[in-house]
Every structure is written in C-alpha cells, then in structure tokens.
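Since the structure comes first, as structure tokens, the remarks are kept for the end.
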Amino acid sequence: MTIDIIYSKLLGLHIEIDYTTGLRSIRFSKLGENSKERKTLGISFDLERYFEGEMIDFSVDLDISHLSPFEQKVLEETRKIKYGRTITYSGLAENIGRGGPRAVGNALGKNPIPIIVPCHRVVAKKGIGGYSAGIDIKTKLLEFEKRNVNNL
DNA sequence: GACGATAGCCCTT
DNA sequence: AAGGGCTATCGTC
C-alpha cells in the first residue's frame, strides 16, 4: 500500500492518494501549507498536472471491488463525463438505466475517489447539488474547469 | 422502515 | 420569478 501526498494551490489543501492494487481513495486533508509532498505514483503527477490547469483524462485502475454493484456502476458512468462538462443526477440515472436521481446522489456521496471519478461534474437539475467534501470545493473545481476550457 | 449530494408539482408572495 | 412545502422515487443500512 502506498500513500502519496500532493498540495493543491487551487484548493489550498493537501490531497492524500491511497493506492494498493488500484487507486483506493483520495482524501482532502488540511495540513499546513509547508507540509511535505510525496510523489511516487503516476497518478500523483497526473493530479498535479490537473491542478495546474491541464485538461487531463485520468486513466488509472480503480480498486472499488468492495463497493456495491450499483455504486460501481455509478462511478463508472461518472468517469465518462468529459472535462468541463456536467450532467444531472437524473441524467446519470438514465444513462445507467437503473436507479433514480436520489439513489445516484447517495452513491456519489460515498465516492471514495473524488476528482479522478469526477463527481463534482454531477449537478442537480436546479442548482449545484451537494458535495461530501464541502460545496466550496465543488464550486471551485467547476469554475476552474470552465475557466480552462474557455481559455482554449 | 428511515434516510439522502433529487425532481416535480402546487402553492404563495 | 423565486422560494417553500409536499411527495414520489430508489438503493443502502
């Protein structure tokens, strides 16, 4: 098991990357700004590039076998959302062909791998919807991506 | 059964 | 036009 740590200037937070047989979890943690980083995994460098504004598509193996079939399906489908785009909870439910918008929200609320599985791109039909790590983070990510897309 | 990161409808201002 | 209450809905625990 490996745990890397990078710092995101955009969020003003450190991010812990937990990798075993695949990417297992991403955690936002509030360490001091001068807390040291540790980058040994490819995904850590990808994440770093992401936070520098690169419109990158993450390709990593995920370790999500411990999740329910429905939750796995939701994450898979969420992963298909392109950079800077959004979809609604109900739209995602339709793509999956199973479950309703609330069930999707429930599953996303337990997403162990935010950003890589871009659950911040799933919004409510009216409004932004929720984000387990804090709505401010979701807002920042969405605005950040929109900004980078427009500067193309 | 109860609980959500929902959606839609039907009021009020 | 915007916001509040109410309820149908669906997977988890």
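Below, chains carry the letters A, B, ... as their sequence lines are ordered, and counting in each starts from 1.
For dA5(B), there is no paired base (Watson-Crick or G-U wobble, both distances below 3.5 Å). In a base pair of the Watson-Crick type (N1 to N3 plus N6-O4 or O6-N4) or a G-U wobble (N1-O2 and O6-N3), with each distance short of 3.5 Å, dT9(C) is matched with no nucleotide.
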Checklist entry - Passes salt bridge (charged side-chain N to carboxylate O under 4.0 Å, His left out), Arg24(A) versus Asp18(A)? Steps please. => result CA-CA 6 Å; Arg24(A) 195 171 191 69; Asp18(A) 181 347; 5.5 Å; no
Next on the checklist: Evaluate Glu76(A) against Arg79(A) for salt bridge (charged side-chain N to carboxylate O under 4.0 Å, His left out), listing each step before the verdict.
Outcome noted: CA-CA 5 Å; Glu76(A) 273 174 34; Arg79(A) 226 181 163 189; over 6 Å; no
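Classified by interplanar angle (parallel below 30°, tilted 30° to 60°, perpendicular above 60°), the ring pair Tyr50(A)/Phe58(A) is tilted.
Taking each heavy atom of Lys138(A) and Ile128(A) in turn, the nearest pair found is NZ-O, 2.9 Å.
Connection of Ile5(A) to Leu47(A) is not established within any shared hydrophobic cluster, with ILVMFWY side chains joined at heavy-atom distances below 4.5 Å, either directly or through further cluster members.
Looking only at side-chain heavy atoms (C-beta outward), Phe51(A) and Lys9(A) stay at 4.5 Å or farther from each other. You'll find the side chain of Leu141(A) reaches within 4.5 Å of the side chain of Leu10(A), heavy atoms only.
A donor and an acceptor atom never sit less than 3.5 Å apart when one is taken from the side chain of Tyr131(A) and the other from the base of dA5(B).
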Checklist outcome for this item: Protein-proximity profile, nucleotides 8-13 of chain B, B/S/- by nucleotide at the 4.0 Å heavy-atom cutoff, equals S-----
Checklist outcome for this item: With B for base contact, S for sugar-phosphate-only contact and - for none (protein heavy atoms under 4.0 Å), nucleotides 8-13 of chain C reads BBBBSS
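Whole-Å rounding puts the Glu77(A) CD to dA5(B) P distance at 21 Å.
Considering Met55(A), Arg121(A), Lys140(A), Arg85(A) in turn, Arg121(A) is the only one that fulfils the side chain to side chain contact (heavy atoms under 4.5 Å, CB included) rule with Glu145(A).
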